[in-house]
Amino acid sequence: MRRTRILTAVLALAAGLLAGTPPALAADSTAKVSLAADTYTWKNARIDGGGFVPGIVFNRSEKNLAYARTDIGGAYRWQQSSKTWTPLLDSVGWDDWGHTGVVSLASDSVDPNKVYAAVGTYTNSWDPKNGAVMRSSNRGASWQKTDLPFKLGGNMPGRGMGERLAVDPNKNSVLYLGAPSGKGLWRSTDSGVSWSQVANFPNVGNYQQDPSDTSGYASDNQGVVWVTFDESTGTSGNATRAIYVGVADLQNSVYRSTDAGATWTRLAGQPTGHLAHKGVLDAAGGSLYLSYSDKGGPYDGGKGQVWRYATATGTWTNISPVAEADTYYGFSGLTVDRQKPGTVMATAYSSWWPDTQIFRSTDSGATWTRAWDYTSYPNRANRYTMDVSSSPWLTWGANPSPPEQAPKLGWMTESLEIDPFDSNRMMYGTGATVYGTENLTNWDSGGQFTIKPMVQGLEETAVNDLASPPSGAPLLSALGDVGGFRHTDLAKVPSMMFTSPNFTTTTSLDFAETNANTVVRVGNLDSGPHIAFSTDNGANWFAGTDPSGVSGGGTVAAASDGGRFVWSPDGTGVQYTTGFGSSWSASSGIPAGAIVESDRADAKTFYGFKSGKFYVSTDGGATFTASAATGLPSGDSVRFKALPGGKGDVWLAGGATDGAYGLWHSTDGGASWTKLSNVDQADAIGFGKAATGASYQTLYTSAKIGGVRGIFRSTDKGATWTRINDDAHQWGWTGAAITGDPRVYGRVYVSTNGRGVIYGDTSGGGGTDPTDPTDPTDPTPTGACAVTYKITNQWSGGFQADVQLSNTGSSAWTGWSLGWAFPNAQTISQTWNAESAQSGSTVTAKNVGWNANVAAGSSVSFGFTGSWSGTNGKPTAFKLGDQACTVA
């Protein structure tokens, strides 16, 4: 419920918040490493939402086809049968982490199988790569990408305006994209494959949120912000002639072409002094509706207006629900009812207090009603009821005084859409969730409509730290914007985030290894303490006391027995305390800003790291001594952990491409270190339950090993590694935190920067990893095998399938080739985690380099998309070489 949505460290430096940022990337290593593969099932630890949803897009020609975009967490497609969202950009990898920020979406109304996403997170130096337009012909199941010669800003100011990307509703090979940073208007005439600038478009925009911002974040020109077509001015197969474009320019916000984009003119008579956040064309009513704010949003906005432009006569009419003098907010969210021309709705997106407001008109804006009104101040009468039982944390644990209510109707409400096929269904995004209703027209009859979260499956939190204690709740999380959660059941939404106090962002947390009921967390808060303690495993909390000078959470460590704590906050030096932080003393011998952790066996031993130096305290944090060890990373992009139950056993991951980068291990409390030669780069390290027969706990890391970026597991102390994710499950940047589960072998919890907490469970057995290197000359295995073939998604003319191949024999495979025949002439279009070839109905799928090794009792999986017509039957027989496999 915060105004700040700052989710990388560079942005944190500008805004005073803390979160992780992906480092620059090196070229692939040439090291030869044996990599095995295991088959994992990946899910989210359910939170449901947790971040800003700036765009919702309904397809105009197919019922129940809808998409949502997030500022840092990818894009989603609505699944009507389950009323959930399916993530579409989990395949975005480490190198392209910025492409999880989605600045615009477009769904093709001519061919509903096609969808487009304009991606890129920041337009300044924080995102090293340019933006791209991703295109899919199977509703986002797989993508092709065209890189752009400029950056896009899914998490920049102005991201709630739009949509910047639009498909011509008459000639769907034509698309337009509005660019930021003075790059103008762009057009594609080949369905998004190639793009060129519209050279004669007259205005690239000039609005900057804060021209004095030297970081380039708030000072970027927000540019061309929306495109909309008047479909009535074209015929099928011919380009639409009337196109309207919104520009971030307070004096010149709207332009039009009447000749299919050949020429452009400023729309005469338009209002000035505001930015047009949205332009929604109601062709049936002959009106272009526009919502205006004096700022670009999504946090700011002081004044606003709503206007209607008659496309036939050129007449402008101010239809603002509230006189501008009475507004303290801007208008942004804007939608029309396609079933009922003249019905229009708008939001006061920047009304932070006491609540957002939603306005509705059924007479083209001549008169309006509000979602809530004052009866006698401060009391309110609501036209709606809210049911947040599926996401109870949306109340924030608050009990505010009127006129505020908990839960709020919303904030940052820049996306608002009435289902074009159902006047009763509406969805809108907030800074924390997607709300919706299925009885909206009760509004007009005087009854109440019901608002509920419509967000399941859409997970959009940025994860800063994770902990999995040996007892109590299996997962504790430290999150941006919503603080963090205690998960007692990973499949259920927790009843509340951490409260007492509610940190805007939790930056670090820890528990006492031998007393898991004792938990500590630190974080950011506008006013109040920055540290909190729990004595019941994180179920309930009480605030500690800040030492002088604290300005932010930093990192914190709990002694293994819970008797003392060491805290390295922002704003002052490292501190230590006995008890629960009623008073603090300065630690000596360690620099301010050091990362701190505790030994998990010795309650008096704590560790720190800063700028290439490792520090050790053996007196409970009172004094630290720098280790003489050299060769560690010189920067501060480092995360380290001590092994549970192992005194002095410490693992350190991190570094940068211009220096030391990798994974180090110490068995003497940091006095000396060994760098693992088989790990190219590593960014986070964690521990989990040991494999059966193993004498050492399982290691998990987000790393590059053997030239491959991924999530890796080792059951033999790092001697060999298994990649446990795959190319379809990469989640952008995963470097902030990782931990295994001490109670469940194979379970791992992975942090993401916008896709929430991902956890994986192995479906393979054995508990040990094969070590023989892959040899491409090895014969194809012919041992016993089993296959599970599952259609995971299907639509008109297309489908997606997953195949799991299990080694049910007694010997390991060092290469595999699986064959089958489709029963209904299906054809494969794209494959991941395997190489496929097809001749007629016969398909052969072979291993790729990193998943050739499959231990006895283990499995490997791959997936593909394909096309079908008439019937999409499953294959009934599979062969591994000449050996028939059991079909599950």
Side-chain angles (χ1 to χ4, degrees), residues 465 467-470 508-522 531 533 544 547 554-569 573-581 583-630 632-633 636 638-654 663-674 684-687 696-697 699 717 737 739 742:
D465 203 0
S468 183
S508 175
L509 59 79
D510 196 13
F511 63 90
E513 188 65 43
T514 61
N515 179 15
N517 281 332
T518 298
V519 188
V520 60
R521 60 183 168 96
V522 294
I531 189 165
F533 300 92
T555 59
V556 70
S560 60
D561 64 358
R564 62 186 63 221
F565 302 88
V566 172
W567 183 16
S568 178
V574 177
Q575 309 280 322
Y576 72 99
T577 187
T578 56
F580 293 107
S583 64
W584 295 87
S585 300
S587 302
S588 64
I590 186 171
I595 303 163
V596 294
E597 297 282 355
S598 65
D599 191 271
R600 310 310 281 185
D602 185 340
K604 290 291 188 72
T605 298
F606 289 83
Y607 305 111
F609 181 92
K610 176 71 174 176
S611 303
K613 284 289 187 179
F614 195 79
Y615 298 85
V616 182
S617 171
T618 57
D619 58 4
T623 60
F624 282 82
T625 302
S627 166
T630 61
L632 296 176
D636 294 322
V638 166
R639 289 151 189 90
F640 67 93
K641 292 287 185 182
L643 186 78
K647 176 176 169 54
D649 195 325
V650 187
W651 292 78
L652 183 147
L663 182 62
W664 287 260
H665 183 208
S666 175
T667 57
D668 55 12
S672 62
W673 295 85
T674 300
I685 185 70
F687 314 101
Y696 198 82
Q697 293 179 46
L699 301 177
K717 211 172 179 179
T739 186

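Starting from 1, each residue takes its place in the sequence as its number. Being a predicted model, the structure only gives us computed values, none of them experimental.
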In terms of heavy-atom contacts, P470 and P742 come closest through CA-CG, 3.7 Å
Donor-acceptor pair, S666 side chain versus S672 backbone, under 3.5 Å? yes
Beyond-backbone contact of D649 with Y696, side-chain heavy atoms, under 4.5 angstrom: yes
Would you say the side chain of D636 lies within less than 4.5 Å of the side chain of K610, judging by non-hydrogen atoms?
yes
Q. Are the side chain of T605 and the backbone of D599 linked by a donor-acceptor contact shorter than 3.5 Å?
A. no
Decide yes or no for V520 and W567: does some side-chain heavy atom of the first lie under 4.5 Å from some side-chain heavy atom of the second?
-> no
For the pair D602 (side chain) and K647 (backbone), establish whether a donor and an acceptor sit closer than 3.5 Å, ignoring hydrogens and angles. no
Closest non-hydrogen atoms of A629 and G670, given as atom of the first, atom of the second and distance, are CB-O, 4.0 Å
(message) If the threshold is 4.0 Å, N to carboxylate O, is there a salt bridge linking D510 and K641?
(response) no
Notebook entry, point to check: Can you tell if the side chain of F580 reaches within under 4.5 Å of the side chain of T518, non-hydrogen atoms only?
Noted result: yes
In short, S617 meets A622 closest at the heavy-atom pair OG-N, 3.9 Å
Note to self: Within the 4.5 Å heavy-atom criterion, are L643 and F687 side-chain neighbours or not?
What the structure shows: yes
So CD1 of I685 and CH2 of W664: to nearest 0.5 Å the spacing works out to 12.0 Å
Should V616 and F624 count as side-chain neighbours, where that means a heavy-atom distance under 4.5 Å? no
Between Q697 (side chain only) and P644 (backbone N and O only), is there a donor and an acceptor less than 3.5 Å apart?
yes
What one should report as the nearest heavy-atom pair of S588 and T623 is OG-CG2, 3.2 Å
- Query: Just by distance, do the side chain of S587 and the backbone of G621 share a donor-acceptor pair under 3.5 Å?
  - Reply: yes
Where do V650 and W673 land on the side chain to side chain contact (heavy atoms under 4.5 Å, CB included) test, with the steps shown first? CA-CA 9 Å; V650 187; W673 295 85; 3.8 Å; yes
Exercise. Okay, side chain of S568, backbone of I595: is any donor-acceptor separation there less than 3.5 Å?
Worked result: no
- prompt: Do F609 and L632 pass the side chain to side chain contact (heavy atoms under 4.5 Å, CB included) test, and can you show the C-alpha distance, the side-chain angles, and the key distance before you say yes or no?
  reply: CA-CA 10 Å; F609 181 92; L632 296 176; 4.1 Å; yes
G554 and V522 have their tightest heavy-atom pair at O-CG2, 3.6 Å
Any side-chain heavy-atom pair of W584 and I531 under 4.5 Å = yes
Proximity of F614 and F640 rings by center, below 6.0 Å = yes
- S598 side chain to A558 backbone, donor-acceptor under 3.5 Å: yes
Which word best sums up how the rings of W651 and H665 line up, parallel for under 30°, tilted for 30 to 60°, or perpendicular for over 60°? parallel
Check whether E513 reaches the backbone of F511 with its side chain - one donor and one acceptor, N or O, closer than 3.5 Å. no
- Query: So, S508 side chain and V556 main chain: donor-acceptor pair closer than 3.5 Å or not?
  - Reply: yes
- Query: Is there side-chain contact between R564 and K604, with at least one heavy-atom pair below 4.5 Å?
  - Reply: yes
**Request:** Could you walk me through whether F533 and F565 pass ring-ring contact (aromatic ring centres under 6.0 Å, His included), step by step?
**Result:** CA-CA 10 Å; F533 300 92; F565 302 88; 4.9 Å; yes
Practice item. Without swapping roles, check the side chain of T514 against the backbone of S560 for a donor-acceptor pair under 3.5 Å. Key: yes
Smallest heavy-atom separation, A467 atom then L509 atom, equals CB-CD1, 3.3 Å
